[in-house]
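A quick write-up on the structure given underneath.
What you see below is based on every heavy atom in this structure, not just the backbone, and it leaves out hydrogens, waters and symmetry mates.
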Amino acid sequence: MKYLYIIVLTTVGLLLSSCQEFLDINADPNNPQEIPLESRLIGAITMTNGAAMWRGAREVSAVCQYTASGNETSAPETWRFTSSYFFWQNSYTWAIPNCVDMVVMGKAEGAPHYAGAGRTLEALVFGMLTDQLGAIPVSEAYDGVTTARLTPAFDSQEEVYAQVIEKLDEAIALFNETENAKGLNLDNGDIMYQGDIDKWRRFAYALKARYLNHLSKKSIYDPQAVIEACSNAFNSDGMDAEFPYLDNGTATEANPWSDKGYGGFTSATAPRYFSFTQFFVDLMKTAPVTNDSLLDPRIGIIMNPAPSDGEFRGLIPGQGVPGGIEVNGDDYGRVTGGFYSRPTSPFPFITYAEVKFIEAEARLRSGDSGGALAAYQEGVSANMRKLGVAGDDITAYWNTLVDNGVQQHFDDLTSGLSHIMRQKYIAQVFNPETWVDMRRMDYSQEIYGPSLNRPTNLNPLFNEGEWIRAMIVEGNEEVRNGANVGNNTPVFRLKTPLWWDTLD
């Protein structure tokens, strides 16, 4: 319960600060109302994960065809989204204020490393928001100093990206400060890195590489800048930035994809996320480019085979379980119980494997096919090591890829991207970052293989060949700040590409 207790304290502290003069009349010196800096990091990490990343990943996992509900009327997997989407509210109400206040307090108290951690997490939240919604408030968002604006102006996505990179550069500079009054783990609040500043700095560089690489469709894309950021990011196993769920905790402290977590199942007969999809299964049973049969050794670690015949299979999005969940549900690879969906499975913000796949893409786009291939191999191997695949099995899998032509494939941009994106997809289970990649690749079957098809029972707003491109801004913001939100209709929001999703 410690995580939740500190989150509540942090949030209450935010609310109380606006009426401090009144409350000071009856202030109890033995029960301080101001939450000390060293007690805030745990809340900022937890809110970045639970309020922002989990909320932003919940529906997107179905959009990316990681998961299917088993119910053909499921809204997320058939793209029937409305303005009832609380990623916005959770981020601006809970996650961002926790991060920003830590920045302000860290600078005021001579503890720049706390400010750096706050800036890193803040950049991550703004990055996730803009990657789903496009234009968002950043310049006029809560800054911990001025009075919060109820009708903030929206920054264009191009402006948001510049500010995200600026925040990450500031975080890196703050981590480089040698004078720091309070260590990050002073109150055991650094539940990710236990005060290791080098890992925090590399976390910030990893995010910088990610966001710079998102610009692959833009004329300003700079593969060398991406490669440079990767060179300063995670460089070995054990550095992943991920949220550690508790063992023997409550339901809200368990991994939300698990059967114990609050988000995995609505009920036994009406699950929110019942099965992995057939698209995901096919990626793990075939080789990139050639689509020859190749069973990935991770498949049995991520999901369970059907007890009836030992086969791995998934659901077609929007189709439901043929014959019904109660009759045939066990024949499909359940979301719960695998590596990513046990109660204590950590939920990664960004990993070493992702950094290597980012590097591989940037090197491939720069014409360095040999460097791209080497980074790609390490990305595949790193994720397999993380999942506990035996060394001999990793080697055998790679040798099969070599026999299948992987070295030659990296001489061609599309074929090389097919390898990188398919393996990155497998390594990024549930992560909303995958949706960015799929849009950058225009949902291409040349990249992802012939199994990537639009869902059955698709939202009729979409015409033939159209794919979902963005999310709808939450209804509360539309009511309060409609002039800045602009056109928020599903037909506009869901079908209009974001700034980085257009060529120039």
Side-chain angles (χ1 to χ4, degrees), residues 56-82 85 132 256-257 263-266 269-286 291 299 302-304 306 311-325 327-336 338 340-341 421-422 424-426 428-439 441-472 490 493-495:
R58 196 172 75 163
E59 280 78 11
V60 170
S61 71
V63 172
C64 294
Q65 298 193 20
Y66 280 121
T67 63
S69 69
N71 184 338
E72 63 187 35
T73 61
S74 169
E77 66 194 79
T78 58
W79 310 346
R80 285 175 165 82
F81 291 105
T82 68
Y85 182 51
Q132 294 193 20
W257 303 100
F265 279 76
T266 304
T269 57
R272 181 183 295 277
Y273 309 107
F274 180 75
S275 168
F276 288 102
T277 67
Q278 187 59 41
F279 167 65
F280 186 29
V281 172
D282 287 345
L283 283 191
M284 303 196 74
K285 294 172 73 173
T286 57
N291 295 302
I299 192 168
I302 295 172
M303 68 181 76
N304 294 316
E311 290 294 317
F312 293 99
R313 61 175 63 87
L315 292 173
I316 303 299
Q319 180 175 292
V321 177
I325 288 176
V327 178
N328 296 318
D330 287 342
D331 283 340
Y332 298 88
R334 299 287 184 91
V335 167
T336 55
Y340 294 99
S341 52
M421 292 304 157
R422 286 173 65 152
K424 191 177 178 185
Y425 183 102
I426 293 169
Q428 297 279 90
V429 174
F430 304 142
N431 197 310
E433 175 64 14
T434 296
W435 192 29
V436 177
D437 287 337
M438 297 184 88
R439 287 174 288 170
M441 300 299 118
D442 292 315
Y443 299 96
S444 168
Q445 287 187 334
E446 285 189 284
I447 301 294
Y448 288 104
S451 288
L452 180 58
N453 294 290
R454 300 191 313 163
T456 304
N457 297 313
L458 186 64
N459 184 338
L461 289 178
F462 291 89
N463 300 319
E464 185 67 28
E466 290 182 330
W467 290 77
I468 185 170
R469 292 292 178 175
M471 287 293 190
I472 303 171
R493 288 286 179 179
L494 299 178
K495 296 170 65 171

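- A salt bridge links Arg469 with Asp442; the closest basic N to acidic carboxylate O contact falls under 4.0 Å.
- Below 30°, between 30° and 60°, or above 60°: for Trp79 and Phe462 the angle between ring planes is above 60°, a perpendicular geometry.
- In summary, the aromatic rings of Trp257 and Tyr340 are positioned with their centroids too far apart to meet the 6.0 Å limit.
- Screening Tyr332, Phe312, Tyr66 against Phe280 for a ring-ring contact (aromatic ring centres under 6.0 Å, His included) leaves a single residue, Tyr66.
- The backbone N or O of Ala470 sits nowhere less than 3.5 Å from a side-chain atom of Gln132 that would complete a donor-acceptor pair.
- What you find for Gln445 and Leu452 is that their closest heavy atoms are NE2-O, 3.0 Å.
- At distances below 3.5 Å, not a single donor-acceptor pair connects side-chain atoms of Thr434 with backbone N or O atoms of Tyr425.
- What you find for Asp282 and Thr286 is that their closest heavy atoms are O-OG1, 2.7 Å.
- Of all heavy-atom pairs between Phe81 and Leu494, the closest is CB-CD2, 4.0 Å.
- Pairing each heavy atom of Arg313 with each of Ala306, the nearest pair is NH1-CB, 3.5 Å.
- The OG atom of Ser61 sits 12.0 Å away from the CH2 atom of Trp435 when rounded to the nearest 0.5 Å.
- Side-chain contact between Pro76 and Val63 is absent, with no heavy atoms from C-beta onward closer than 4.5 Å.
- In this structure, Ile472 and Pro490 have side chains that are in contact, with non-hydrogen atoms separated by less than 4.5 Å.
- Side-chain contact between Phe276 and Leu315 is absent, with no heavy-atom pair separated by less than 4.5 Å.
- Put simply, the side chain of Asn459 does not reach to within 4.5 Å of the side chain of Thr78, judged on heavy atoms.
- One distance of note links OG of Ser444 with CE of Met421; it measures 11.0 Å at 0.5 Å rounding.
- Across all non-hydrogen atoms, the minimal contact from Gln65 to Asn453 is NE2-O, 2.8 Å.
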TODO: Starting from the C-alpha separation in whole Å, work towards a yes-or-no answer on side-chain contact (heavy atoms from CB on, under 4.5 Å) for Thr67 and Thr277.
DONE: CA-CA 5 Å; Thr67 63; Thr277 67; 5.5 Å; no
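- With hydrogens and angles ignored, the 3.5 Å screen pairs no side-chain donor or acceptor of Arg80 with any backbone N or O of Ser74.
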- [ ] Would you sort out whether Asn71 and Phe274 count as a side-chain contact (heavy atoms from CB on, under 4.5 Å), showing the intermediate values?
- [x] CA-CA 9 Å; Asn71 184 338; Phe274 180 75; over 6 Å; no
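- For the salt bridge (charged side-chain N to carboxylate O under 4.0 Å, His left out) condition, the pairs that include at least one residue of residues 429-438, sequence neighbours left out, are Arg210-Glu433, Lys424-Asp437, Asp437-Arg440.
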Task: Stepwise side-chain contact (heavy atoms from CB on, under 4.5 Å) check, Ile299 with Lys285 - done: CA-CA 8 Å; Ile299 192 168; Lys285 294 172 73 173; 4.1 Å; yes
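- The shortest heavy-atom contact between Met471 and Val60 is CE-CG2, 4.0 Å.
- Judged purely by distance below 3.5 Å, without hydrogens or angles, the side chains of Glu77 and Ser69 pair a donor atom with an acceptor atom.
- Using a 4.5 Å heavy-atom cutoff, the side chains of Met284 and Arg422 are not in contact.
- Considering OG of Ser341 and CD1 of Ile302, their distance stands at 9.5 Å, rounded to 0.5 Å.
- A donor-acceptor pair under 3.5 Å links the side-chain atoms of Tyr443 to the main chain of Ile468, judged by distance alone.
- Put simply, the side chain of Glu311 does not reach to within 4.5 Å of the side chain of Asp331, judged on heavy atoms.
- Arg334 and Thr336 form no side-chain donor-acceptor contact under 3.5 Å, judged by distance and modelled atom types alone.
- Side-chain contact check for Cys64 versus Met438: some heavy-atom pair is nearer than 4.5 Å.
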